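What follows is a short report on a single structure.
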Amino acid sequence: VMTQALVMAKAFGALQAKMLDHACAELKATLGDAETLARTDSAADAVALQAKAVRRSYESYAEHLKELARIASRALAKD
């Protein structure tokens, strides 16, 4: 029972660390996107930048969810 609790606590900590890492990386990327957008004078460029930012964010989030699933699967496999 104690081993199970330790494994789950480690998995939970790993999940929390990944979520925090992702949040920090997303914040940094979003701020970069906003700075780039603020410097553009073209509406067409602004739309293209926003579309690129949405795609980057979506792909980042999808990869983040896959990583969380891998961590959870490893923890459950040890159980």
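All of these numbers come straight from a predicted model, not from anything done at the bench.
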Hey, are the side chains of H64 and E67 touching, using non-hydrogen atoms and a 4.5 Å cut-off?
no

State, yes or no, whether a side-chain contact exists between E35 and R39 at a heavy-atom distance under 4.5 Å.
yes

Using side-chain contact (heavy atoms from CB on, under 4.5 Å), reason through R55 and E59 one step at a time and then give a plain yes or no.
CA-CA 6 Å; R55 182 178 179 108; E59 290 173 353; 2.9 Å; yes

Pick out which of E26, H22, K66 makes a side-chain contact (heavy atoms from CB on, under 4.5 Å) with Y61.
H22

Do the side chains of R56 and D33 get nearer than 4.5 Å, heavy atoms only?
yes

Side-chain (T36) to main-chain (G32) donor-acceptor, under 3.5 angstrom
yes

Which heavy atom of A75 sits nearest a heavy atom of V7, and at what distance?
O-CG1, 3.8 Å

Roughly how far, to the nearest 0.5 Å, is the CG atom of L20 from the CG atom of L15?
12.5 Å

Cluster link I71 to M19, ILVMFWY, side chain under 4.5 Å
yes

